[in-house]
Amino acid sequence: MKNNPIGVVDSGVGGLSIWKEVISQLPNESTIYLADSANCPYGSRQCEEIYVLAQRMVKFLIDKNVKLIVIACNTMTVCCIDRLRRDFPHLPIVGVVPVIKTAALTSKNKHIGILSTVSTANSMYQKELIEKFSNGCTVINKGTDKLVPLVENGIIDGNEVGKVLTEELEDFKTEGVDVIALGCTHFPFLKEKINKILGSHIAILDSGGAVARQVHRVLEKEGLISVNNTVSHEFHTTGNTVQFDLVMGKVLGKEGIKMVKSVQKAAI
Ligand code: DGL
């Protein structure tokens with residue numbers, strides 16, 4: 001069991017921003033990544049529908065004998081992580097939420113932004129997190145569904161994404177936030193572009209490091225840290241494998257892509 005892989009799921013390539021941190025902090029762990037590219041984006045779907053899709057993905061990974069699952073998608077986390085934990089009580093499940101507490105502590109002017117998908121921004125789950133962790137800061141909780149399709153197509157630089165980002169980041173500028181927490185795992189791949197638009201005086205925080213640390217803590221607690229030295233990383237998509245491979249190369253860059261072999265079609 002200790003040497004079984006860690007499963008990582010997302011609607012598409014976004015979860016790779018979490019996967020990257022997991023394999024960097026836990027280099028002796030094997031992973032199986034599953035992207036539901038055929039049904040991406042999730043951000044504009046109803047919660048019930050996302051739950052059904054998420055359940056299917058978890059079952060696929062359980063069949064592959066994973067020892068822990070990372071729900072590397074904020075939208076799935078806020079919508080159904082509690083239900084998934086109830087459905088699969090013996091499987092440790094780690095989710096992802098924006099690092100609101102760190103953002104509030106980092107902010108000097110006590111104005112922070114959160115950038116998520118629309119359904120995440122509107123969710124009760126996220127509103128409760130803001131209530132609990134914003135520590136008196138003014139919070140601009142912005143939702144957008146315009147960015148995920150761009151990242152999904154490998155459009156992370158250039159004029160097209162620049163134009164959309166400039167519009168979507170306007171509220172943060174107007175409110176003078178000095179820290180933005182990213183609430184969608186696709187968005188860390190836009191960090192450079194966001195920095196260019198807003199200036200580097202605004203800190204952009206993603207959740208990758210925190211999720212990887214949590215995975216480490218849970219594995220340790222469960223006695224599941226790998227003692228393996230033959231590590232492998234598998235990639236599955238419900239969509240087009242060639243397209244996924246291409247975009248993966250783009251978002252991970254040269255270093256990340258060294259870890260990747262071939263992408264397999266997931267018939268689920
Ligand atoms: N990566 C997913 C998230 O973190 C994207 C959701 C979507 O598919 O719209 O929310």
Side-chain angles (χ1 to χ4, degrees), residues 7-22 33-58 69-81 84 93-100 113-127 129-130 141-156 161 164-165 168 180-191 194 204-212 214-215 235-240 243-244 247-248 250-252 266 268:
V8 181
V9 288
D10 181 40
S11 59
V13 294
L16 292 170
S17 65
I18 304 283
W19 173 84
K20 221 166 103 172
E21 286 293 333
V22 170
Y33 188 92
L34 172 61
D36 193 9
S37 320
N39 294 301
C40 188
Y42 277 16
S44 41
R45 290 178 189 276
Q46 295 298 313
C47 197
E48 197 52 37
E49 200 183 346
I50 295 172
Y51 167 61
V52 173
L53 295 170
Q55 240 194 355
R56 275 192 338 163
M57 287 202 282
V58 169
I69 287 184
V70 183
I71 305 287
C73 171
N74 294 72
T75 308
M76 271 195 262
T77 301
V78 300
C79 160
C80 59
I81 195 163
L84 293 172
I93 300 180
V94 175
V96 56
V97 291
V99 288
I100 302 172
I114 304 173
L115 187 64
S116 314
T117 61
V118 171
S119 62
T120 300
N122 290 340
S123 70
M124 217 40 220
Y125 199 109
Q126 180 132 309
K127 286 178 183 159
L129 290 176
I130 294 172
N141 181 23
K142 167 88 184 166
T144 172
D145 286 331
K146 294 188 182 156
L147 297 170
V148 169
L150 292 173
V151 178
E152 225 21 61
N153 283 298
I155 305 168
I156 55 171
V161 69
V164 177
L165 271 174
E168 299 303 297
I180 297 174
L182 300 178
C184 170
T185 55
H186 280 72
F187 299 169
F189 298 125
L190 298 171
K191 239 183 187 176
I194 296 175
I204 314 293
L205 309 180
D206 68 59
S207 306
V211 172
Q214 178 62 6
V215 170
F235 295 86
H236 300 256
T237 173
T238 58
N240 183 308
Q243 158 83 0
F244 190 84
V247 177
M248 190 157 62
K250 206 146 187 203
V251 296
L252 289 179
I268 59 172

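Whatever order the structure lists ligands and atoms in, that order sets their numbers, starting from 1.
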Using 30° and 60° as the class limits, which term best fits the ring planes of Phe235 and Tyr33: parallel, tilted or perpendicular? tilted

Closest to atom 5 (C) of ligand 1 among protein heavy atoms sits His186 ND1, 3.4 Å

heavy-atom search around atom 10 (O) of ligand 1 in the protein gives Thr75 OG1, 2.5 Å

Checklist entry - Under 3.5 Å, N or O to N or O, is Cys40 touching ligand 1 that way? => result no

- Item | Thr120 N/O under 3.5 Å from ligand 1 N/O | no

The residue among Val8, Asp10, Leu84, Val94 that forms side chain to side chain contact (heavy atoms under 4.5 Å, CB included) with Ile71 is Leu84

shortest atom 9 (O) of ligand 1-to-protein heavy-atom contact is with Gly43 N, 2.7 Å

Correct closest heavy-atom pair for Tyr125 and Thr77 would be CE1-O, 4.2 Å

| request: Taking Thr238 for its side chain and Ser37 for its backbone only, find out whether a donor-acceptor pair lies under 3.5 Å. | output: yes

Here the atoms of ligand 1 under 4.0 Å from any heavy atom belonging to Ser11 are 5 (C), 6 (C), 7 (C), 8 (O)

> Judged by modelled atom types alone, do Thr144 and Glu168 share a side-chain donor-acceptor pair under 3.5 Å?
Replying inline: yes

For Leu34 and Ala266, the nearest pair of non-hydrogen atoms, with its separation, is CD1-CB, 3.7 Å

**Message:** I'd like to know if the two cysteines, Cys79 and Cys47, have SG atoms within less than 2.5 Å.
**Reply:** yes

Under 4.0 Å from one or more heavy atoms of Asp10, ligand 1 contributes atoms 1 (N), 2 (C)

With heavy atoms and a 4.0 Å threshold, my read on which part of Cys73 contacts ligand 1 is both

* Is the number of heavy atoms from other residues, nucleotides or ligands within 6.0 Å of NZ (Lys146) greater than 12? -> no

Any heavy atom of Thr117 under 4.0 Å from ligand 1? The part involved is side chain

*Looking only at distance, does Thr185 have an N or O less than 3.5 Å from an N or O of ligand 1?*
yes

re atom 7 (C) of ligand 1, the protein heavy-atom contact at minimum distance is Tyr42 N, 3.1 Å

